[in-house]
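Predicted, not measured: the structure shown is a model, and the values here were computed from it. Just so we're on the same page: letters track the sequence lines, and every chain starts at 1.
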Amino acid sequence: MSSTTAKQNCWGRFELERSGRGLWRIGPLTFWIERTDDEWRVATRSGDDPWVDAFSVECPIAGAAEGPPDDVAWHRFGFRNVPTAVVVAPRVADRAVVSRPEMPVTLPPGQSGRYYVGSPAWVDVRPEGADQPILDAPTWRPSDTWFGTTQEGSLSYSTRTRLRRDLSKLPRLRQRIITPVQIENEAADSLVLERLSLPITHLSVFEAEDGYLWTEPVRLRRESSEETGAVEIGGGPPTEARGAPRLSGPRDKHDDVFVSRLFGTLFE
Amino acid sequence: MSEWSSWIDSLRALITDERLVMALRAAAVLVIGLALATIVGRRLGAVAEHRLDRQAGMIAKRAGFYGTATLTVLWVMGELNFSLSVILGTAGVLSVAIGFASQTSASNLISGLFLIGERAFVVGDVIKIGDTSGEVLSIDWLSVKLRTFDNLFVRLPNETMLKAQVTNLTRFPIRRLDLQLGVAYKEQIEAVRSLLLEIADKNPLCLEEPPPLIIFQGFGDSAVNLQFSVWSTKENFLRLRNTITEEIKTRFDAAGVEIPFPHRSLYAGSVTEPFPIRIVAEGGAASGQRRD
C-alpha cells in the first residue's frame, strides 16, 4: 500500500487498498480516486486558470483522509471483482485542436516550416485490466471553436497558445502536450496560414525525460490549392524527445497517410 | 357408434366443400402475407436507418409493409376468385364519390409526399411553426407529429405544414445567440465591449470562431442598447444561453457596469398642484408634514 505513497510522477500504476483514497493535482484539475469493497469512485474539480503549475500526487492520502469538498460529487463504478490498482495516463484531446499563428504566415510554393502546437492533456484513469476509463477529463477545458462554414464543418477545440516556430515561446507545463508540425507547401500557389486544424485524436502521448509531454511529429503536405492536405504521422516520439516512452495510444485509428481538411481561412 | 360415423361423414363433406377450402387458403395467405409484410417492413426500415437516417428508415419500413401487404391482398382476392377488372371498374365509379369526400385527406397525402421529397426537415429535427416548437417524431401520410419541449404531442396536417413558414432550428450544426443588452449612458462602451468579449472568451461553450459580435443598436430611452451575438453548437445552445446570461450579470455587477431599468421623470405640469411630500421618521410613523 505504501509503495506508491511518495511517487511524484502523476502518471503510472497506483495501488490502493480497500477504503484507500488518492489525490492528484495536475494543472487546474484536481481529482480524487477511492477504492471501496466493490467500487472505484472518482471526484473531480476543475479550475479556471490553465497556467497553474501543479503536478503532484498523494496516493494513498496519508494521515487524516482529505476528501473532495462537499459540493463535488463522487462518480461510482461498480465491479464484480474490484481491481486493486488504477492506471493514470495522459491522453490527447477528444477532438481536433485549432491553433493560429500570432500573425498570418505565408508559405510560398515549395517552402516549408516546422511549427509547434501546444494543447492541454486529458487525464485517463482506468482500473487495471478495464477497457473503459472511469475518468477521461481535460486538465483544462479549452473553448469550443468551429472549423468550416456555418453550414458544415467540425467542432474543435481552440488552443490558448499560438502556433509557434520557436519552441521556447510555448508555455512548458507538465499538463500540456506539444506536437511538432512540419508544414510543406507543394502546391503551385502560396499558402496563407491563418488557422491550422490538427487532427490530434490520431496521436499518441510520450513523456520525455524532463517530464514534458509530446506527441508524434506530424507532417502536413499541401499538394493543391484546396484546403485539404495529406497528413503523415511519425512512428514514434519526435527528435526533441528522443527515446521517450509512450504513455497512451491514439483515440482514433488512422492510416500512415490520410487526407484531412487542415488549412482554414476565416469565415466569409 | 352411428353418431360418431355420421359426425365423421359430415366433417369429410365439409373438408371437400370447395368454398371452405378456398376461404381457408385465403385466410392462410392473408395471415402469412401480413406477417411477412411486417418482417419485410422492419428489415427494410432497419437497413435504411442504419445506412441513411431515421426518416429514410421510416419511409422504407412503410414502403416494405404496404408493398407486401398490397401483394398479399391481391393474392387473397385471387384465391377468392375475385376478378380484378370488376373491382377496378367498381373503384372507377366510386372514385368520383370518394374523391369529393376525401379532398382534405388527398391534399394532406400529396402534401406529405412533397414534405418528404423536399426534406426541409426530417425526423429528429427541431422545428418551429407558428407558436409551436418541437422535435419531429414522424412525417406520416396525413400529418406531421411533433413532441414539444413540455412533452406534449402535436399533430399538424401536412397541408398546413406545406403552406406555413417552418423554421428548422437544427438544420445547421451551429447557431447564433443574440442577446439584447442595455448599459447606462455613463458607461464607457469600449470597456463594456472588452468585458463582453472576455466573458465570451472564458465560456467554453461559446465558439471562438465564428467570433462574437457586438452591434450598437441605438440610444434607448434609458440605456445604450447593444446586441451581443455569440455562436454555439446547436446542442449547447440552451446551455450557452443560460450560462452566458448569468456570467454577464455577475461580471457587470463585479465591474460596476449598470444595466439600467426604464427611468420615468414625472412632471406635474405648471397648472397642477406640486406633489405633496411626507417625511417618514426612521422606524416610525409619518410626520404628516406637508411641504409645497
Side-chain angles (χ1 to χ4, degrees), chain A residues 27-29 44-52 93-102 104 117-120 122 137-163 193-198 227 261-268, chain B residues 52-53 118-122 124-127 167-178 194-215 227-244 246-248 250-251 254-255:
Chain A
L29 177 71
T44 60
R45 163 157 275 188
S46 305
D48 293 332
D49 182 5
W51 313 120
V52 173
D94 54 5
R95 296 199 290 256
V97 294
V98 173
S99 189
R100 55 172 91 222
E102 208 158 16
V117 177
S119 59
W122 259 239
T139 52
W140 177 74
R141 165 72 158 83
S143 279
D144 289 343
T145 190
W146 189 251
F147 199 77
T149 68
T150 53
Q151 295 182 21
E152 61 175 326
S154 58
L155 186 64
S156 309
Y157 290 119
S158 167
T159 63
R160 274 295 170 105
T161 52
R162 299 289 186 185
L163 185 69
L193 190 63
E194 291 176 333
R195 302 174 81 208
L196 175 75
S197 174
L198 182 67
E227 286 180 4
R261 190 169 190 275
L262 301 164
F263 308 106
T265 51
L266 296 177
F267 286 82
E268 292 160 5
Chain B
L52 300 167
D53 54 31
E118 195 181 26
R119 290 180 74 87
F121 53 86
V122 294
D125 276 351
V126 176
I127 62 169
T167 308
N168 189 335
L169 302 177
T170 51
R171 175 65 169 269
F172 299 127
I174 55 176
R175 281 184 72 181
R176 196 176 83 176
L177 170 67
D178 293 337
S194 304
L195 196 58
L196 287 172
L197 292 178
E198 193 184 320
I199 291 166
D201 185 52
K202 290 205 167 164
N203 189 317
L205 304 178
C206 175
L207 295 180
E208 180 240 8
E209 191 72 44
L213 203 63
I214 297 165
I215 301 168
Q227 179 177 310
F228 181 38
S229 300
V230 288
W231 291 80
S232 77
T233 57
K234 61 186 178 188
E235 294 84 5
N236 288 334
F237 186 78
L238 275 180
R239 280 178 65 202
L240 177 67
R241 189 162 77 180
N242 286 334
T243 55
I244 207 158
E246 196 179 318
E247 284 159 13
I248 289 171
T250 309
R251 292 294 304 277

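What you find for A:Pro142 and B:Pro204 is that their closest heavy atoms are O-CB, 3.9 Å. In terms of heavy atoms, A:Thr150 sits closest to B:Pro210 at CG2-CG, 4.4 Å. Nearest heavy-atom pair across B:Leu205 and A:Arg141 is CD2-NH2, 3.9 Å.
The distance from the OG1 atom of A:Thr149 to the CD1 atom of B:Ile174 is 7.5 Å, given to the nearest 0.5 Å. B:Glu208 contributes atom CD, which lies 8.0 Å from atom OG1 of A:Thr159 (distance to the nearest 0.5 angstrom).
You'll find the side chain of A:Leu155 reaches within 4.5 Å of the side chain of B:Leu207, heavy atoms only.
Annotation: A:Asp49, atom CG; neighbour count of heavy atoms from other residues, nucleotides and ligands within 6.0 Å is above 12. For B:Lys202, the NZ atom counts as loosely surrounded, since its 6.0 Å shell holds 12 or fewer non-hydrogen atoms of other residues, nucleotides or ligands.
At distances below 3.5 Å, at least one donor-acceptor pair connects side-chain atoms of A:Ser143 with backbone N or O atoms of B:Asp201.
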